[in-house]
*Asks:* 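Below you'll find the structure I mean.
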Amino acid sequence: MKSGKFWAWVVFALGAAYFFIPLIATVEFSLRMRRGAYSFDAYQIVLGDPRFQATFGYSVLAAVCTIILGVLIVVPAAYWIRLRLPQLRPVVEFITLLPLVIPAIVIVFGYIRMYGSNSPLPFLASDMGTNALLVIGYAMLALPYMYRAVDTGLRTIDVRTLTEAAQILGAGWGTIIGRVILPNVLIAVLSGAFLTFAIVIGEFTMASLLNRPAFGPYLQNVGANRAYEPAALAIIAFAITWGCMSLIQILSRFAPRSANRPN
Amino acid sequence: MTDLSLSDHAVAGKTAPPAEARSLRLPTQWLGVAPFFLFAIMFLILPTLYLMLGAFQNDAGEFTLENIAALAQPSIVSAYWISIKVSLASSLIGAFAGLAIAIAIVRGGLPEWIRSATLTFSGVASNFAGVPLAFAFIATLGRLGLATVILNTLFGLNIYAHGFNILSFWGLTLTYVYFQIPLMVVIIVPAIDGLKKEWGEAAATLGATMAQYWRMVVIPVIWPSFLGTVILLFANAFGAIATAYALTGSSLNIVPILLYAQIRGDVLHNAHLGYAIAFGMIVITGLANVFYIWFRTRSERWLK
Amino acid sequence: MFKFTGKVLSLSAATLMVSSVISSAASMDDLVKAAKAEGQLTTIALPHDWCGYGDVIAGFKAKYPEITVNELNPDAGSGDEVEAIKANKDNKGPQAPDVIDVGLSFGPTAKADGLIQPYKVSTWDSIPDSAKDADGYWTGDYYGVLSFLVNKDLVKESPADWADLLKPEFANTVALAGDPRASNQAIQAVYAAGLSGGAAAGEAAGTAGLDFFKKLNAAGNFVPVIGKPATLAQGQTPILVTWDYNALAGRDTLKGNPPVDVVVPKTGVVAGVYVQAISAYAPHPNAAKLWLEYLYSDEGQIGWLKGYCHPIRFNDLAKNGKLPADVMAKLPPAEAYTAAVFPTLDEQGKSKEAITKNWDAVVGANVK
């Protein structure tokens with residue numbers, strides 16, 4: 001076991017080095033804005049921009065909505081497929097891989113054509129409608145990750161036994177999924193939530209083409225012709241997103257305990 | 001050994017509800033997956049059908065196979081090939097490295113805060129791609145990158161003189177791995193979490209060595225999830241464009257760059273060819289998915 | 001008799017001009033009213049750093065505060081703008097662009113696809129014929145020439161011409177600002193290199209340009225990264241081939257850190273023209289027309305000049321002495337522009353074909 005711990009540290013150290021060195025290099029470059037001396041000028045410029053807070057706030061809200069929508073769509077589907085409809089699994093897995101290879105720009109152009117102001121489902125006719133369409137689009141983009149995470153989580157619990165036990169005790173399907181299954185796969189759902197959050201914060205194409213004031217277009221705008229500010233912005237975005245996720249992580253500690261999460 | 005994996009085989013064998021109950025239950029399970037399919041059809045499949053149709057049309061709107069035929073051009077074929085190679089390399093490297101890190105933080109006896117910090121960091125890093133990532137690697141391993149300069153001045157090691165170049169296939173793979181590893185870590189940690197302590201204790205009680213425990217308990221349990229994540233990593237790399245574009249823009253010919261050149265470019269702008277290229281990508285992803293399912297079924301049988 | 005006819009003709013021409021001035025003034029008021037009634041203008045692909053668009057848009061907003069300007073995707077390329085019009089044919093929401101600003105070759109193709117509508121601005125006659133569509137579907141708005149942006153921290157002596165770039169002291173320095181298989185800027189750079197070598201305009205210059213870059217790559221001077229001010233400052237791409245207005249704007253943002261040089265090459269000076277057009281499906285056509293009127297007024301044109309672009313009515317403004325001296329002082333010397341070549345649509349088309357198809361094969365900056 002001792003050697004196990006040693007190797008764990010080695011692996012962790014190597015991983016940490018690989019991930020932090022490029023970030024350090026970016027920070028080093030962003031500090032070079034003032035000639036001849038390291039300074040936080042680039043950071044001051046970025047943080048002082050009122051659009052930074054506005055767009056970031058918008059994207060955080062969109063991310064939370066996307067996570068909720070994603071959970072509502074994916075968890076029941078993954079559960080039923082695991083339990084009763086295994087023959088649908090290949091179809092569903094293929095569908096969940098599609099958002100990765102279909103360019104977001106194609107999906108958005110499809111939305112504009114199908115849900116424009118003249119269509120039977122005019123999402124784009126109003127601000128709230130467009131926001132809703134954006135959240136749905138994000139949920140589609142995050143589908144691969146959310147599904148894979150939830151599916152992995154469902155594998156680790158005995159879905160059949162839990163379901164049958166809950167049914168014997170008289171639970172309806174809503175209770176089963178909401179109060180029995182979901183708490184047990186919370187870690188996996190949390191993983192999916194992290195990935196969704198990161199995707200939504202950085203997403204550019206959909207927000208830009210649907211003309212929404214999100215963080216992605218703002219990032220792109222600043223990065224276009226500046227030299228030092230984009231590096232500072234990348235680091236700030238990274239740090240803040242990491243902070244938000246840690247917050248989600250901490251809040252999840254207050255979730256109901258389950259056999260799968262004894263701590 | 002208890003059948004812990006809910007493979008198709010197991011479930012199909014055990015669920016055969018009585019006839020009347022089946023007709024009562026049928027609506028519920030289809031209702032359960034209905035939202036998923038409804039959303040997928042309305043917001044994923046239908047909007048991209050325009051692209052599928054566009055692949056088979058020309059500018060005049062007539063049906064034609066010339067766009068598909070145009071995919072056989074050497075430049076496009078080599079682009080697909082390089083894309084597949086980069087995706088395979090980065091997904092395999094990312095998968096195994098990610099697995100190692102995941103095992104290290106969950107089972108390695110490391111302090112608790114390392115696990116949560118790594119998980120949240122991985123969540124962010126899995127989406128750190130595009131221009132910021134490419135720039136970070138240029139700033140690290142470019143000719144005037146921080147690491148290059150430090151290695152040169154402090155250790156006298158000029159990596160460029162030894163043939164290293166960040167603007168190359170392996171440079172691009174190295175950069176891709178930056179978001180592949182975290183993706184693997186985030187997804188596989190719950191699976192490793194699911195390895196109950198009791199199993200390890202039971203195995204030890206029965207006299208199994210560490211190696212046997214890993215080979216007969218851990219790997220079979222994690223294998224399906226691992227494989228599923230590998231294909232996710234593959235598709236993730238296959239569809240990634242922003243990073244490649246920013247890093248090796250005009251020197252590396254990968255499929256998403258070609259696709260974007262046709263759909264978005266200032267110059268080429270044959271949108272139908274772009275749609276055909278995207279159609280080809282979907283086909284390849286489908287084939288990869290088929291291969292994954294075949295491989296998983298076979299290996300699950302072998303692992304039992 | 002001819003003298004008499006001449007007098008009559010010139011008199012009637014004068015009357016026509018006066019009446020058209022009067023009628024255009026009246027119609028201008030109508031246009032302003034109609035545009036204000038629409039209340040919004042949606043633009044696309046106008047980065048604030050590009051040709052000083054930030055200030056131009058601000059100027060428009062200050063002049064017509066009742067019209068809000070909704071700016072879509074500033075990162076869009078010309079292809080994106082055309083696709084946006086196509087996608088939004090049935091959508092009158094804020095995602096649909098009213099006006100587009102695209103590369104020269106996109107004008108005729110957009111017209112052929114029925115995506116734009118004609119409008120002749122009041123200053124129509126002072127715009128050179130080669131830079132506008134005869135029916136008014138698209139109008140050239142500004143141009144710039146290709147130049148070298150040089151990081152003086154890393155490059156001691158700036159190159160003066162294309163041939164200089166091949167010298168050994170410029171190893172690992174030269175980069176294009178786009179992908180030569182897709183970006184107009186990069187393709188024109190290859191074309192310019194070809195022209196500088198003495199090749200004939202059109203396809204020959206395209207092929208010659210490819211040969212030049214092949215030599216550049218073989219000499220180890222070419223860096224196949226898409227260059228930006230960030231990569232220039234970081235050191236990966238110390239010499240960047242880009243439009244002069246982008247280079248000058250980059251010089252401004254870098255503020256001397258690092259100090260840069262903007263060099264217009266002695267030979268192979270290629271001018272790239274961009275054109276304005278109104279979308280045929282524009283939700284706010286009158287606001288779009290008012291926008292065009294503003295852009296082609298003296299105020300708009302000088303706004304672009306302040307952004308280091310040469311407005312299309314440059315010669316007209318110069319003739320009437322309307323060019324502010326302080327703005328002119330910031331641009332490269334005027335002699336550099338005397339050798340500027342304006343490729344025709346035909347030449348552009350043929351060279352584009354040659355360059356995009358053969359870049360991978362000839363230059364082979366392909367990655368192993």
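Here is how names work: the chains are called A, B, and so on, in the same order as the sequence lines, proteins then strands, and each is numbered from 1.
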*Asks:* Heavy atoms only, distances under 4.5 angstrom: which of A:P22, A:A77, A:A198 has the most pairs with chain B? Name it, please.
*Replies:* A:P22
*Asks:* Using non-hydrogen atoms only, which part of A:R148 is less than 4.5 Å away from chain B: side chain, backbone, both, or neither?
*Replies:* both
*Asks:* Using a cut-off of under 4.5 Å for heavy-atom pairs, which of B:A139, B:G32, B:G109 has the most such pairs with chain A?
*Replies:* B:G32
*Asks:* Mind checking the OH-CZ spacing from A:Y138 to B:F43? Nearest 0.5 Å is all I need.
*Replies:* 15.5 Å
*Asks:* Can you name the nearest heavy-atom pair linking A:A25 to B:A136, along with the distance?
*Replies:* CB-O, 4.4 Å
*Asks:* Looking at the rings of A:F20 and B:F121, which for Trp means the six-membered one, are their centres under 6.0 Å apart?
*Replies:* yes
*Asks:* With rounding to the nearest 0.5 angstrom, report the CD to OG distance, A:Q249 to B:S116.
*Replies:* 5.0 Å
*Asks:* Who wins among B:T140, B:L46, B:V124 for the most heavy-atom pairs under 4.5 Å with chain A?
*Replies:* B:V124
*Asks:* Against chain B, label A:L88 side chain, backbone, both or neither, depending on which of its atoms sit under 4.5 Å from a heavy atom there.
*Replies:* side chain
*Asks:* Which answer fits A:I21, side chain, backbone, both or neither, if we ask what part of it has an atom under 4.5 Å from a heavy atom of chain B?
*Replies:* both
*Asks:* Heavy-atom distance under 4.5 Å to chain A: side chain of B:L195, backbone, both or neither?
*Replies:* neither
*Asks:* Counting only non-hydrogen atoms closer than 4.5 Å, does B:L49 touch chain A with its backbone (N, CA, C, O), its side chain (CB onward), both, or neither?
*Replies:* neither
*Asks:* Could you check which of B:I222, B:L119, B:V177 has the highest count of heavy-atom pairs closer than 4.5 Å to chain A?
*Replies:* B:V177
*Asks:* Spell out, as yes or no, whether a donor-acceptor pair under 3.5 Å connects the side chain of A:S191 to the backbone of B:V186.
*Replies:* yes
*Asks:* Non-hydrogen atoms of chain A under 4.5 Å away: do they reach the side chain of B:T285, the backbone, both or neither?
*Replies:* both
*Asks:* Pick one of side chain, backbone, both or neither for B:I101, based on which atoms fall under 4.5 Å of a heavy atom in chain A.
*Replies:* both
